[in-house]
**Student:** 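After the structure tokens below, expect a handful of questions from me.
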Amino acid sequence: MDFSPGPGDILQTAIRYVKGVGPRLAERFATREIHTVQDALYLLPRRYEDRRKVKTIRDLVPKEQASFTARVLDFGARRTGPRRQMFEIMLSDDTGQIVARWFRFHPKSFANRFARGDRVRVAGRVEVYRGVRQLAHPDIEKIPDDQAGNTRGAASQLHRDDFGSIIPVYPEIEGIYPKVLRKIMRRVVEQYAGHTVEILPDAILSLHDFPPIAEALQKVHFPPKDSDVEELNRGRSAAHRRVVFEEFFLLQLGLAMRRDCFKSAVGHAHPVRAGLFELARNLFGFELTDAQKRVLLDITSDMASPQPMNRLLQGDVGSGKTAVAVLAAIVAARAGTQIAFMAPTEILAEQHHRHIQKLMPPSPEAPRVAFLSSMVKGRARREALLDIAAGRVDLVVGTHALIGEQVQFEKLGLCIIDEQHRFGVAQRAGLQAKGKRPDVLVMTATPIPRTLSMTVYGDLDVSILDEMPPGRLPVKTVVLRGGEVRQVYRHVRREVEAGGQAYLVYPLVEESEKMDLRDATKMFGRLSRGAFAGLRLGLLHGRMAGDEKDEVMRRFSSGDLDVLVATTVIEVGVDVPRATIMLVEHAERFGLSQLHQLRGRVGRGERPSTCYLVAHSLASGDARSRLEVMERTNDGFEIAEKDLAIRGPGEFLGTRQSGLPAFIFGNLARDADLLARARKDAFRLIDEDPKLANPGHSLLVKALWSRWGRRLQFAEVG
Ligand code: ADP
Ligand code: MG
């Protein structure tokens with residue numbers, strides 16, 4: 001297959017050769033990564049201005065966008081400060097007068113352009129300054145004497161089109177006046193949009209009744225006069241939907257191909273012996289939930305097949321993912337392959353290790369378990385590495401140390417990656433590379449909205465644990481103001497006396513000079529001497545050494561500490577059933593999903609639990625209503641959807657997540673429907689033509705490669 005973009009593509013013409021651009025403006029364009037006319041075609045209007053209705057000056061409404069025609073009464077520059085001046089034009093029509101002002105202006109650009117009595121078109125936002133209406137930096141242009149409407153010469157036509165129509169407002173590019181940018185964009189669209197290659201198969205175009213791509217691009221940039229401006233501004237016009245769909249479709253096509261490649265490889269077949277549910281009962285002492293059973297069947301049927309498993313297991317905190325993972329590990333071990341179980345932190349890896357050891361007492365039947373992290377050193381490390389390489393252990397639990405160079409498996413058949421969102425894509429691949437196409441199970445306790453899992457994890461099969469083990473009491477959530485925190489302290493004392501434990505979470509490790517935030521270290525000292533004198537307090541934060549952290553965590557889990565003062569290092573997966581209070585200070589600074597994670601640390605035992613969210617600055621009503629979502633629901637998926645809507649995909653996934661594709665046109669929150677459709681269509685197409693070998697699909701392949709090639713890493717997949 002030839003993936004390389006075709007040579008001599010006219011859309012690859014450098015932007016500087018577009019009339020009116022040249023080397024100087026090309027440099028400005030380059031600051032926005034716009035180098036070619038194609039890049040320019042992808043620069044979508046930020047919004048649209050409706051200049052179709054022409055108003056009279058009397059009817060201009062403050063804060064509204066207006067366009068009208070008027071006469072120039074008077075004009076001139078006026079000094080406003082020692083080295084500042086502004087330019088003013090007094091405008092009038094039969095109904096009234098209004099002043100237009102320019103605070104930044106180029107003297108030459110105004111000096112000779114106007115004369116008293118000139119007829120002009122004006123468009124801009126009406127403002128009120130000291131009780132008087134004005135227009136700041138409006139678009140203004142002379143109506144030529146030979147009368148408006150008479151179109152002579154393309155240039156004047158371009159100009160005139162800014163009035164009486166719907167005009168695009170582009171993202172600002174420093175050093176290019178909006179009006180000039182618009183003019184350039186019009187040229188680009190007129191000359192080049194028509195050369196855009198139609199890549200969508202006819203069947204799909206007609207299925208969704210989409211306009212051809214060239215037409216869609218034209219309309220996105222310069223909508224016809226009869227367009228619905230609201231729809232344009234929401235980015236949901238037919239033209240918008242068409243370009244968004246194409247972008248999603250290409251990505252989904254790539255994901256479908258990658259999944260297909262992965263599936264068509266041959267890995268390990270792990271036969272499953274009957275009686276897995278019974279085994280669970282015996283091992284764990286509880287009956288699996290229906291959701292656990294269902295998910296386990298998904299997993300074991302993947303594992304039984306020689307095609308590699310590539311599955312994402314999503315489940316809210318406490319839904320019992322670990323139990324499922326352990327059973328999958330047992331299946332692999334019984335089939336004679338090794339298992340790598342990777343967790344994002346030392347604490348978690350250790351906890352899994354302990355948990356697993358407890359579940360599987362040494363017997364000839366049980367898998368042999370080892371632990372590996374950067375904390376395992378010297379002789380213990382050498383021995384562990386040798387055991388893993390010789391196949392003397394079946395299951396290795398550890399941190400990302402498992403990806404380390406010296407780690408070699410004899411026969412790695414299953415990778416389990418916990419809290420996948422904490423690892424980068426490269427780390428996932430790194431672990432897989434330790435074996436020959438091992439089965440992969442990634443788990444996440446941060447529920448991921450569907451739109452995101454379809455993009456970031458779009459090449460994975462997904463199983464969802466949507467049922468909690470029985471008998472779990474829902475955690476009561478209370479939002480408080482800073483001044484009310486004392487009542488929480490009293491509750492903590494009562495709880496400790498009754499045998500409970502509490503987490504106190506603060507956003508920072510040490511006092512920051514810039515912000516007035518309560519930090520863990522300071523509060524630890526203050527509370528030990530004050531409100532919690534006599535209780536056993538521990539401090540846990542990310543700057544402590546790994547073994548120190550573990551020690552504190554161990555003491556808390558074993559009940560040697562009553563109260564754990566911490567930063568968000570405890571966020572993930574820590575399981576202490578006796579903990580019944582979670583207090584989060586400055587809750588307004590945390591994302592909802594993060595708060596949900598923190599809340600999931602309690603409510604794991606028999607006693608009812610409470611989560612207090614203390615907000616110290618509720619400056620915006622926004623913050624308040626956000627926290628109220630937490631009071632209202634315990635459903636992680638619902639919270640995740642809200643969180644995504646509030647913070648956007650990048651923030652939602654966090655900075656470590658490198659897997660988010662950069663969409664030019666699409667918006668996951670807005671275009672979820674298009675994403676789902678594009679996915680369905682793309683996966684169906686790959687079902688029919690897995691390698692897109694049909695000559696009719698060659699343009700599609702080319703486009704896919706040039707748009708998402710690097711991201712999809714076809715080279716690696718083969
Ligand atoms: P997750 O990893 O999804 O946060 P865990 O697997 O750690 O959840 O399970 C949370 C707690 O619930 C653990 O103490 C576990 O032993 C228990 N548990 C898991 N599955 C069940 C079940 N089916 N019935 C009762 N308790 C369960
Ligand atoms: Mg877990």
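Nothing fancy with the numbering, it's 1 onward along the sequence. Order of listing sets the numbers, starting from 1, for every ligand and every atom in it.
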**Student:** For ligand 1, which atoms sit closer than 4.0 Å to a heavy atom of Thr289?
**Tutor:**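 Reading through ligand 1 atom by atom, the close ones are 23 (N).
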
**Student:** Between Asp562 and Arg555, does any side-chain N to carboxylate O distance fall below 4.0 Å?
**Tutor:**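 Salt bridge absent between Asp562 and Arg555.
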
**Student:** Checking contacts here: is it the side chain or the backbone of Leu288 that comes within 4.0 Å of ligand 1, counting heavy atoms only? Could be both or neither.
**Tutor:**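 Within the 4.0 Å criterion, Leu288 contacts ligand 1 through backbone atoms alone.
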
**Student:** Heavy-atom contacts with Ala323 under 4.0 Å: which atoms of ligand 1 show up? List them by number with element.
**Tutor:**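 Listed by number with element: 6 (O).
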
**Student:** Any donor and acceptor pair, going by atom type alone, linking the side chain of Asp394 with main-chain N or O of Arg368 inside 3.5 Å?
**Tutor:**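 Confirmed, Asp394 side chain pairs with Arg368 backbone.
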
**Student:** Would you call the rings of Tyr612 and His491 parallel, tilted or perpendicular, taking 30° and 60° as the class edges?
**Tutor:**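 Ring orientation of Tyr612 relative to His491: perpendicular.
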
**Student:** Numbering the atoms of ligand 1 from 1, which are under 4.0 Å from a heavy atom of Ser319?
**Tutor:**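 Reading through ligand 1 atom by atom, the close ones are 3 (O), 8 (O).
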
**Student:** For Glu410, does its backbone N or O pair with a side-chain atom of Gln338 as donor and acceptor, under 3.5 Å?
**Tutor:**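 Side chain of Gln338 to backbone of Glu410: a pair is present.
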
**Student:** Parallel, tilted or perpendicular: which one describes the rings of Phe532 and Tyr489, with boundaries at 30° and 60°?
**Tutor:**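 Ring orientation, 0 to 90° scale: perpendicular.
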
**Student:** Of the backbone atoms (N, CA, C, O) and the side-chain heavy atoms from C-beta on, which set of Asp316 has a member under 4.0 Å from an atom of ligand 1: side chain, backbone, both, or neither?
**Tutor:**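 It is the backbone that gets close, since no side chain atom is under 4.0 Å.
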
**Student:** Can a salt bridge be assigned to the pair Arg626 and Asp643 using a cut-off of 4.0 Å between side-chain N and carboxylate O?
**Tutor:**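 A salt bridge is absent here (no side-chain N lies under 4.0 Å from a carboxylate O).
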
**Student:** When you measure from atom 2 (O) of ligand 1 to each heavy atom in Asp418, Leu348, Thr322, Val326, which option holds the nearest one?
**Tutor:**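 The nearest heavy atom belongs to Thr322.
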
**Student:** Any heavy atom of Arg604 sitting closer than 4.0 Å to ligand 1?
**Tutor:**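 So Arg604 counts as touching ligand 1.
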
**Student:** Under a 4.0 angstrom heavy-atom cut-off, which atoms of ligand 1 come close to Glu287?
**Tutor:**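 Near Glu287, meaning under 4.0 Å from one of its heavy atoms, ligand 1 has 22 (C), 23 (N), 24 (N).
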
**Student:** Pick, from Gln597, Gln292, Arg281, the option with the minimum heavy-atom distance to atom 23 (N) of ligand 1.
**Tutor:**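 Ranked by closest heavy atom to atom 23 (N) of ligand 1, first place is Gln292.
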
**Student:** Is Arg354 salt-bridged to Glu350, cutoff N-O under 4.0 Å?
**Tutor:**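 Counted as a salt bridge, because a side-chain N and a carboxylate O are separated by less than 4.0 Å.
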
